[in-house]
Amino acid sequence: EVQLQASGGGLVQPGGSLKLSCAASGFTFDDYAIAWFRQAPGKEREAISCISSSGESTYYADSVKGRFTISRDNAKNTVYLQMNSLKPDDTAVYYCNARTREGKGWGQIIDYWGQGTLVTVSS
């Protein structure tokens, strides 16, 4: 069974830090790029970071660049998001997403989503 389980959320004060984890199972983890999305109440879902299947390439949205760091440990089938200098605007449910294309070269996109973990930044 395919699973993506996000964890590590909680309540933190502005300026604080959290480290989120996304544990994967049921598929070949190192074939998939992993992304973190977030959705705040009343706002659209936002892609904030992603990492290639090998970990060689990363992407950060401007809203989190310089504050968040994505990493992966393929031996543990886990992706991390280190979140520093947290702001109230970072309050959201954070989701991990796994994506690949089937076969060699071009193929249909295969996309998996986790349940999400809530991050609340408040004093």
Side-chain angles (χ1 to χ4, degrees):
E1 181 180 351
V2 171
Q3 289 190 335
L4 284 171
Q5 296 182 327
S7 62
L11 175 64
V12 296
Q13 295 182 358
S17 297
L18 281 175
K19 189 173 185 178
L20 306 184
S21 298
C22 177
S25 61
F27 61 97
T28 305
F29 181 74
D30 60 5
D31 286 343
Y32 286 73
I34 307 295
W36 287 97
F37 290 76
R38 67 185 183 187
Q39 188 163 24
K43 295 186 177 180
E44 63 273 17
R45 187 176 62 194
E46 176 190 19
I48 57 169
S49 187
C50 64
I51 187 166
S52 63
S53 59
S54 67
E56 293 178 349
S57 300
T58 58
Y59 159 83
Y60 299 95
D62 288 343
S63 57
V64 306
K65 191 175 298 181
R67 300 188 296 119
F68 292 8
T69 302
I70 191 170
S71 61
R72 67 189 295 161
D73 186 342
N74 284 351
K76 295 181 178 179
N77 287 0
T78 302
V79 169
Y80 305 97
L81 186 68
Q82 178 66 52
M83 309 164 67
N84 298 326
S85 302
L86 285 162
K87 306 173 181 179
D89 285 348
D90 295 320
T91 296
V93 177
Y94 285 71
Y95 301 91
C96 56
N97 164 268
R99 175 171 287 192
T100 192
R101 288 186 180 269
E102 64 180 5
K104 288 187 174 181
W106 190 93
Q108 286 193 324
I109 291 172
I110 302 172
D111 210 3
Y112 300 127
W113 288 91
Q115 290 287 91
T117 186
L118 176 63
V119 173
T120 302
V121 184
S122 177
S123 59

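Treat the numbers as computed from the prediction; the structure is a model and nothing was measured. Just so it is clear, the values below take in all heavy atoms, side chains as well, and ignore hydrogens, waters and symmetry mates.
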| message | Working note: Ser71 + Gln82, criterion side chain to side chain donor-acceptor pair (under 3.5 Å); need CA distance, chi angles, decisive distance, verdict. | response | CA-CA 8 Å; Ser71 61; Gln82 178 66 52; over 6 Å; no
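- Counting only residues at least two apart or in different chains, side-chain hydrogen bond (donor to acceptor under 3.5 Å, both in side chains) contacts with residues 25-35 are absent.
- Side chains of Val79 and Phe29 form a contact here, defined as non-hydrogen atoms less than 4.5 Å apart.
- Between the Thr58 side chain and the Ile51 main chain, no donor and acceptor come within less than 3.5 Å of each other.
- When the salt bridge (charged side-chain N to carboxylate O under 4.0 Å, His left out) test is applied to Arg67, the partners found at least two apart in sequence or on another chain are Asp90.
- Listed by first and then second residue, the disulfide bond (SG atoms under 2.5 Å apart) pairs that reach into residues 82-123 are Cys22-Cys96, sequence neighbours excluded.
- Sorted by first and then second residue, the disulfide bond (SG atoms under 2.5 Å apart) pairs involving residues 32-93 (not counting sequence neighbours) form an empty list.
- Residues passing the side-chain hydrogen bond (donor to acceptor under 3.5 Å, both in side chains) test with Ser17, sequence neighbours excluded: Asn84.
- With rounding to the nearest 0.5 Å, the separation of CG in Leu4 from OG1 in Thr78 is 10.5 Å.
- With no hydrogens or angles considered, no side-chain donor-acceptor pair links Gln13 and Ser122 at under 3.5 Å.
- Met83 and Tyr59 are not part of a single hydrophobic cluster, where members link through side-chain heavy atoms under 4.5 Å apart.
- Atom-to-atom distance recorded for Thr100:OG1 and Tyr112:OH is 9.5 Å, nearest 0.5 angstrom.
- Of all heavy-atom pairs between Gly107 and Arg101, the closest is O-NH1, 2.8 Å.
- Pairs engaging residues 68-79 under the salt bridge (charged side-chain N to carboxylate O under 4.0 Å, His left out) rule: none recorded [sequence neighbours left out].
- Taking Glu44 as the reference, nothing meets the side chain to side chain contact (heavy atoms under 4.5 Å, CB included) condition, with sequence neighbours excluded.
- Residue pairs meeting the ring pair (Phe, Tyr, Trp, His ring centres under 6.0 Å) criterion with at least one member in residues 68-94, sequence neighbours excluded, do not occur.
- Remark: Thr117 OG1 to Leu18 CG distance equals 8.5 Å, nearest 0.5 Å.
- Gln115 is linked by a side-chain hydrogen bond (donor to acceptor under 3.5 Å, both in side chains) to nothing, counting only residues two or more places apart in sequence or in another chain.
- Contact detail for Ile34 and Ala98: the closest heavy-atom pair is CD1-CB, 3.5 Å.
- A distance-only check finds a donor-acceptor pair linking the side chain of Ser52 to the backbone of Ser57 [under 3.5 Å].
- Pairs engaging residues 51-64 under the salt bridge (charged side-chain N to carboxylate O under 4.0 Å, His left out) rule: Asp62-Lys65 [sequence neighbours left out].
- With hydrogens and angles ignored, the 3.5 Å screen pairs a side-chain donor or acceptor of Tyr60 with a backbone N or O of Ile70.
- Here CZ of Arg38 is found 9.5 Å from CG of Leu81. Values are rounded to the nearest 0.5 Å.
- Side-chain contacts under 4.5 Å among hydrophobic residues (ILVMFWY), followed directly or transitively, place Phe37 together with Val93, Tyr95, Trp113, Leu118.
- Contacts classified as salt bridge (charged side-chain N to carboxylate O under 4.0 Å, His left out) and involving residues 104-116 (residues at least two apart or in different chains) are given here: Arg99-Asp111.
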